[in-house]
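A note on names: the letters A, B, ... follow the listed sequences, proteins ahead of strands, and every chain is numbered from 1.
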Amino acid sequence: MTDPSAPRQPSLAERAMAARGNQAAAGYLAGLNPEQQAAVETLDGPVLVLAGAGTGKTRVLTTRIAHILNQRRAFPSEILAVTFTNKAAREMKERIAHLVGEAVEGMPWLGTFHATGVKILRRHAELVGLKPGFTILDTDDQNRLLKQLIQAEDIDEKRWPARVLASAIDGWKNRALTPDKVPAGEGAAYANGMGLKLYADYQARLKVLNAVDFGDLLLETIRLFRENPGVLAEYQRKFKFILVDEYQDTNVAQYLWLRLLAQRQEGRPQNICCVGDDDQSIYGWRGAEVDNILRFDKDFPGATVIRLERNYRSTGHILAAAAHLIAHNEGRLGKTLFTDGEDGAKPTLTSVWDSEEEARSIGEELEQLQRQGHLLNEAAILVRASFQMREFEDRFITIGLPYRVIGGPRFYERLEIRDALAYLRCVAQTSDDLAFERIVNTPKRGLGDATLQQLHDHARAQGVPLMQAARVLTETEEMKPKARRALKDLIDSFDRWAGQIEAMPHAELAQLVLDESGYTEMWQKDKTAEGAGRLENLKELVRSMEEFENLAGFLEHIALVTEARGEGETEDAVSIMTLHSAKGLEFETVFLPGWEEGLFPHQRSLDENGRAGLEEERRLAYVGITRARRRAKIYFAGNRRIHGLWQSTVPSRFVNDLPPDHVEISEGLGTSGYGGMGRGGFGQSRFDKVESFSSTYATPGWQRAQAQKSLNDAQARFTGRTGSQAFGSTYAEGRGGFQGRLTDRSGSGRTIEGELVAKSTGEPSRYQPGDRVFHLKFGYGDVVSAEGNKLTVQFDKAGEKKVVDSFVQAA
DNA sequence: TTTACGGGGTTTTTT
DNA sequence: ACCCCGTAAA
């Protein structure tokens, strides 16, 4: 192992080359610390860069590529750089462009594992029994295909859902297990031993359909390499340098894929550089093997290991808290982050009564920060599970605080988008059976199961695609006249559209297809909020197509990319997302709610993976804290509604993993919280007082809460609040008859909201009771009352909600 | 073709 | 408690 503090002196030749009149040379290395510089300049042999959170990982990766190019060690086309997500690939590309300009355009091998896999596979498709135009199935296609196979085997779909099998197959593929390699025991687990057979059937069916799923993009490439050493050698020679981002997230298949490409050639070790952080491995549940990073130097003997521990992101106390927390994990390579920066504010720890108070507190802290000039864009709420998001959304809608939910349903996975894409796939490739099946009766054309079955039978008998079968059958008398006419119309339409591919811009063609097929109309008839939203999405889809060369190019792109290109999110809004999707991001202020046993660490993680599960959860906590630059705010509630039931909860063990010296116990909302909300009247005996209403709260949750009082007192000891205080403010609010009364009491609370609202619009409400309005999230509804800018609306679907009028439009 | 009911599930997510 | 899905019945 090379001592990172003593970077290798460049050879004379290297220095001469570097001096070759390149001004940028000095520039790109200048701002690096010694370890980063070593990571950039150690070009020969295997290198593992253990990059802690916020230590400049991406910078090292991109600078290293710039350095390779600058040193003329390889052409841009000879560098393989792989990431996990498109987002990471995009970011890397942008940052390299920053360093080396146009040269990045010559880097065709910078991309995700899967995109790289497709690229290789398309070139050699015939060698693995595919045709070059093979389609890439997504999860949905996969499920429908599996469902067919399950039905064919007469297996009870209820007991053995297709998606369970899909995820089993996925898991096998993550571990590079082809049907012949699956351990017998595992193969038997599904449907009394049918699992393995179904997996094999599925693979056979994919071949017939000339299709692959995501897992195959890697597995088939591995097979290609193994069965064709010549092809492998070609790529091994081609890739002079290999760089891998987030190495701790690689699964077995990706690992094998990399190993094949990185095999030593002619006795020389390969120039592979993997960057990762074992402490940020949070995807074990989807097949990531932390082990890959832990045993890197065994896989690549003589590897240089460089640790990046100087953190440029967070203040001292935040780092100390994160470091102390993660130190509770065993089985890590061990890094300790440090900073030369200021200590800053200590992370805060706040105990709240329930999730509602949690949302209210965070909302008020956000408003307070905003008044101090803090951008909402620079704040994020990171939750363990997505159901936690709703509470925040509800609260923020009520107080009119702009927010953004990151990572909801993906654009291309939405029903309407998938339908639209299926139409386009059929236009582009008449043999795409899965796409055809999807839209044959969408919108309803009276082409039901019976017709489809007929098509299937014929198609299978003749060995032709469904659309071809349909073409033949409509020429005969075998079908009912009604179905026959409908089907004929559809086929004719597809012929017509396909004839237009060359003749008109593909975005226009898409619009034409959607309109003429009746698909647009189908959603226009749907008057719910959903319908309107879906039409919006369809418009967005057509718009986004313009960025692509042609229809085929567009379809290839979306098969690999699940996110829509983000419209410039310009509005200042707080982000709400899961801890998982926060990896790689950073914010000035980070709120970490829900630190309770069972939720975080999640019970299921503990149940299913025991100690390993716990450690992964703890890494998740570590990821959460290290997202913060200046403020990290941790919360735990004493009660939380889970699956609709109130459950009393115990603070997370991670709370106790934090170093007391670096954490500040927060008094909740300070003055604006208990006192400021005008509930001071409850005073010291708040608990007793509420208790006297206990008949009103004779819910199981409340009873449990009372039984839990001693536990809460224990919490209170930790938070420095008395037990009764820990019971918090408003159990009653939002529940039945006390709502009005407590709302009245909270006059000062309304003032806070009033200020905010006044700031945002300054106008009296444009709406009156009885007005029909539309809300993006809740759909259509009638205004019940209007008070300033705040409306109470009875929504058709979502029930009565308080919203700020700028969130709705007249309907 | 729509609607009503029952049943099952309810952590994290990419490609 | 709620939501999604699929099936059965109108």
Return the value, rounded to whole Å, for the distance between atom [atom1] of [X] and atom [atom2] of [N].
| X | N | atom1 | atom2 | answer |
| --- | --- | --- | --- | --- |
| Arg414(A) | dC4(C) | CZ | P | 14 Å |
| His557(A) | dT15(B) | NE2 | P | 11 Å |
| Ile642(A) | dC2(C) | CD1 | P | 15 Å |
| Arg604(A) | dG9(B) | CZ | C1' | 9 Å |
| Ile406(A) | dT14(B) | CD1 | P | 12 Å |
| Ile136(A) | dT14(B) | CD1 | P | 17 Å |
| Lys87(A) | dT13(B) | NZ | C1' | 13 Å |
| Met577(A) | dT14(B) | CE | P | 12 Å |

| task | Please figure out whether Lys444(A) or Met389(A) has its closest DNA chain B nucleotide nearer the 5' end. | result | Lys444(A)
| field | Nearest-nucleotide comparison on DNA chain B, the residue closer to the 5′ end among Phe387(A) and Leu560(A) | value | Phe387(A)
Side chains of [X] and [Y] only: does a donor on one sit below 3.5 Å from an acceptor on the other?
| X | Y | value |
| --- | --- | --- |
| Glu246(A) | Gln248(A) | yes |
| Asp138(A) | Tyr412(A) | no |
| Thr442(A) | Asp419(A) | no |

Short side-chain N/O contact from [X] to OP1 or OP2 of [N], under 4.0 Å:
| X | N | result |
| --- | --- | --- |
| Asn86(A) | dT14(B) | no |
| Ser386(A) | dT11(B) | no |
| Lys147(A) | dG6(C) | yes |

| query | So Trp523(A) and Tyr519(A), would you call those rings parallel, tilted or perpendicular, with 30° and 60° as cut-offs? | reply | perpendicular
| Does the ring of Tyr283(A) meet both stacking tests against the six-membered base ring of dT13(B): centre distance under 5.5 Å and plane angle under 30°? | no
State which of [options] makes the closest approach to the side chain of [X].
| X | options | answer |
| --- | --- | --- |
| Arg286(A) | dT13(B), dT15(B), dT11(B) | dT13(B) |
| Thr578(A) | dT11(B), dT14(B), dT13(B) | dT13(B) |
| Glu608(A) | dT13(B), dT11(B), dT15(B) | dT11(B) |
| Ser581(A) | dT13(B), dG9(B), dT15(B) | dT13(B) |

| field | Interface with DNA chain B, restricted to residues 107-123 of chain A and to heavy atoms under 4.0 Å | value | Thr112(A), His114(A)
| dC5(C) versus dT12(B) - spacing of their P atoms, nearest Å |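 So the two P atoms sit 16 Å from each other.
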| Separation of the P atoms in dC2(C) and dT13(B), to the nearest angstrom |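 Comparing P positions in dC2(C) and dT13(B) gives a spacing of 24 Å.
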| Heavy atoms under 4.0 Å, any strand shown: does Glu246(A) hit a base, just sugar-phosphate, or nothing? |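 No contact.
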| field | Donor-acceptor pair, side chain of Glu220(A) and main chain of Val212(A), under 3.5 angstrom | value | no
| Check: Leu599(A) and Thr649(A) side chains under 4.5 Å, non-hydrogen atoms |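 They are not in contact (no side-chain heavy atoms under 4.5 Å apart), so the answer is no.
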| Just one of Phe134(A), Phe225(A), Tyr235(A) clears the ring-ring contact (aromatic ring centres under 6.0 Å, His included) bar with His124(A), so which one? | Tyr235(A)
| message | Evaluate Gln280(A) against Tyr622(A) for side-chain hydrogen bond (donor to acceptor under 3.5 Å, both in side chains), listing each step before the verdict. | response | CA-CA 8 Å; Gln280(A) 290 188 67; Tyr622(A) 173 80; 5.7 Å; no
